[in-house]
Protein chains: 2
Amino acid sequence: MPENAAAPAGPPAAPRRLRADAQRNVTALLEAAKTVFDTTGVDAPAKEITDLAGVGVGTLYRHFPQRSDLVKAVVQSNIDACAAAGPRLRAAHEPAAALAAWLREYTELLGTKRGLASALHSGDPAYEALPGYFLETLTPTLTALLDAAAADGEIRDDVAAKDLMFAIAQLCLPVAGESPGHSARMVGILIDGLSNGPRRQGRTAGQ
Amino acid sequence: MPENAAAPAGPPAAPRRLRADAQRNVTALLEAAKTVFDTTGVDAPAKEITDLAGVGVGTLYRHFPQRSDLVKAVVQSNIDACAAAGPRLRAAHEPAAALAAWLREYTELLGTKRGLASALHSGDPAYEALPGYFLETLTPTLTALLDAAAADGEIRDDVAAKDLMFAIAQLCLPVAGESPGHSARMVGILIDGLSNGPRRQGRTAGQ
DNA sequence: AGCCAAACGGAAAAGCTTTCCGCTTGATTT
DNA sequence: AAATCAAGCGGAAAGCTTTTCCGTTTGGCT
């Protein structure tokens with residue numbers, strides 16, 4: 001029963017329509033936070049984010065009452081972006097290629113956004129809802145991609161979206177002493193393993 | 001002037017022997033931290049810990065220069081305790097029973113000490129060494145238990161310690177919307193699956 | 001134009017971690 | 001047993017961060 005309009009993947013939960021400048025600031029903050037989290041880490045001081053966004057701290061805390069609300073919003077935004085990539089890739093590529101490309105994007109979501117993994121596992125009650133959001137948002141996307149590729153006969157049809165998501169998540173867990181690209185390489189092999197067709201070289205390994 | 005001395009499984013790294021009262025305080029702090037982390041969470045203020053331990057903050061920071069050092073020490077202590085349980089259980093029970101009991105202890109280590117999982121996955125460089133310590137310490141313990149039970153023919157002999165450890169760790173990852181006992185139940189099933197003997201009821205399910 | 005609630009900025013408050021230093025005390029020597 | 005003194009202690013204060021507060025600005029509306 002969300003009756004409010006225009007809140008694509010909003011920050012916390014917007015009960016009323018935001019003023020134009022406020023909406024702009026929220027977007028700027030989210031963007032800045034994404035950048036800073038990737039650069040300095042999730043523990044970066046709020047000041048760094050507000051400076052980059054060009055707003056005062058008061059503005060940050062108006063929209064994200066707690067620091068964790070901002071982290072949560074960024075993670076959700078990353079998840080949303082990954083989900084949105086599904087239809088886009090499907091429109092631009094053949095089913096199997098779209099699937100492979102999306103899985104690489106998903107891998108990157110897990111591997112490069114350190115904040116995501118730690119938020120998911122932190123045990124902090126503020127992030128309790130995230131794993132659920134993660135699954136609810138991404139499972140349909142992957143299911144659609146899998147179904148399309150399976151319908152074409154390009155890949156095996158006995159893999160459930162959720163299983164694949166978990167398996168890749170598992171592969172992306174950081175293991176002490178492995179080079180950074182290790183996870184991506186393993187996932188590449190897994191992706192190749194989905195294929196029904198003849199072995200192709202360089203499809204998932206190269207960029 | 002021999003400055004090297006015994007440091008059983010000390011806090012950070014003790015280059016010289018501690019004075020008796022200092023040793024007592026370190027122990028008290030570790031004990032207090034364990035309690036507080038389990039109660040209030042890993043983010044509990046240091047004050048709560050020093051109060052419970054009955055020491056001043058200065059004392060805490062003398063022994064654990066950074067907050068993360070204390071967390072690290074507690075995690076290591078938990079790992080050590082789990083490792084120490086191996087020989088103890090082996091002495092007190094038959095091989096297969098000892099193995100099952102130890103795996104339950106290991107499950108508890110993963111499941112109830114929220115701090116461990118989040119420290120392992122946090123990405124904070126302060127905890128980088130922990131996954132390695134975890135494996136190095138627990139793998140030999142489990143290997144010994146497995147070998148003993150396998151030698152008796154009580155369990156299958158085609159399971160490597162590391163694989164089992166990872167599998168259980170995987171089962172213990174928190175999944176949104178599952179009851180708290182879910183992980184333990186699943187692990188119980190896995191443990192039963194190791195057995196070569198006739199199905200027994202209530203061995204791993206009950207407490 | 002003029003109104004005013006929404007939104008802003010940033011100073012101040014609150015809270016945590018970490019440092020500092022004068023005082024206390026366990027161990028050692030005499 | 002007393003003296004000595006470096007190791008160790010406690011807690012006040014410094015340094016950072018997050019969070020609150022409030023006077024000022026401004027977008028949306030009439």
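Just so it is clear, the values below take in all heavy atoms, side chains as well, and ignore hydrogens, waters and symmetry mates. Each chain gets a letter, A, B and so on, in the order its sequence line appears, and its residues count up from 1.
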| Quick one: is C:dT18 close enough that its OP1 or OP2 comes under 4.0 Å of any side-chain N or O from B:Tyr61? | yes

| Between D:dT25 (C1') and A:Arg24 (CZ): distance, integer Å | 14 Å

| field | Nearest-nucleotide pick for B:Ala20, side chain only, options being C:dT18, C:dA27, D:dG27 | value | C:dA27

| task | Spell out yes or no: do the side chain of A:Arg19 and the base of C:dA7 have one donor N/O and one acceptor N/O closer than 3.5 Å? | result | no

| query | Picking from C:dT18, D:dC9, D:dT18, which would you name as closest to the side chain of B:Val57? | reply | C:dT18

| message | Please report the distance, rounded to the nearest Å, between CD in B:Gln23 and C1' in C:dA27. | response | 16 Å

| Just checking A:Arg67: base, sugar-phosphate only, or nothing, at a heavy-atom cut-off of under 4.0 Å? | sugar-phosphate

| query | Could you give the CZ-to-P distance, from B:Arg62 to C:dT19, as a whole number of Å? | reply | 12 Å

| note | Atom CG of A:Asp69 and atom C1' of D:dT18 are separated, to the nearest Å, by 13 Å

| query | If every non-hydrogen atom of B:Ala98 is compared with every non-hydrogen atom of B:Leu145, which pair is closest and at what distance? | reply | CB-CD2, 4.0 Å

| task | Please state how far atom NZ in B:Lys47 lies from atom P in C:dA14, giving the value in whole angstrom units. | result | 17 Å

| Looking at the side chain of B:Ala46, which of C:dA7, C:dT17, D:dT19 is the nearest nucleotide? | C:dT17

| said: Closer than 3.5 angstrom, by distance alone: can the side chain of B:Ser77 be matched with the main-chain N or O of B:Ala73 as a donor-acceptor pair? | reply: no

| Nearest nucleotide by nearest heavy atom, which residue falls closer to the 5' end of DNA chain D, A:Asp43 or A:Gly58? | A:Asp43

| request: Looking only at side-chain atoms of B:Asp21, point me to the closest of C:dG26, C:dC21, C:dT17. | output: C:dG26

| said: Whole angstroms only, please: what is the CG-P distance between A:Leu60 and D:dT19? | reply: 9 Å

| Short side-chain N/O contact to D:dC9 OP1/OP2 from B:Asn25, under 4.0 Å | yes

| field | Length of the CD-P vector between A:Gln66 and C:dA14, whole Å | value | 17 Å

| Side-chain donor/acceptor of B:Trp102 to backbone N/O of B:Cys82, under 3.5 Å | yes

| Measuring from B:Leu194:CG to B:Asp158:CG, what's the distance to the nearest 0.5 Å? | 9.0 Å

| task | Check whether any side-chain N or O of A:His63 sits under 4.0 Å from OP1 or OP2 of C:dA7, and answer yes or no. | result | no

Show me the donor-acceptor pairs within less than 3.5 Å that the side chains of residues 47-55 of chain B make with the rest of the protein, sequence neighbours left out.
{"residue": "B:Lys47", "atom": "NZ", "partner": "B:Asp51", "partner atom": "OD2", "Å": "3.1"}
{"residue": "B:Glu48", "atom": "OE2", "partner": "B:Thr40", "partner atom": "OG1", "Å": "2.7"}
{"residue": "B:Thr50", "atom": "OG1", "partner": "B:Lys47", "partner atom": "O", "Å": "2.9"}

| request: Would you mind reading off the distance between A:Arg17 atom CZ and D:dG27 atom P, rounded to a whole angstrom? | output: 16 Å

| said: Go nucleotide by nucleotide along DNA chain C from the 5' end; which of A:Thr59 and B:Ala44 gets its closest nucleotide reached first? | reply: A:Thr59

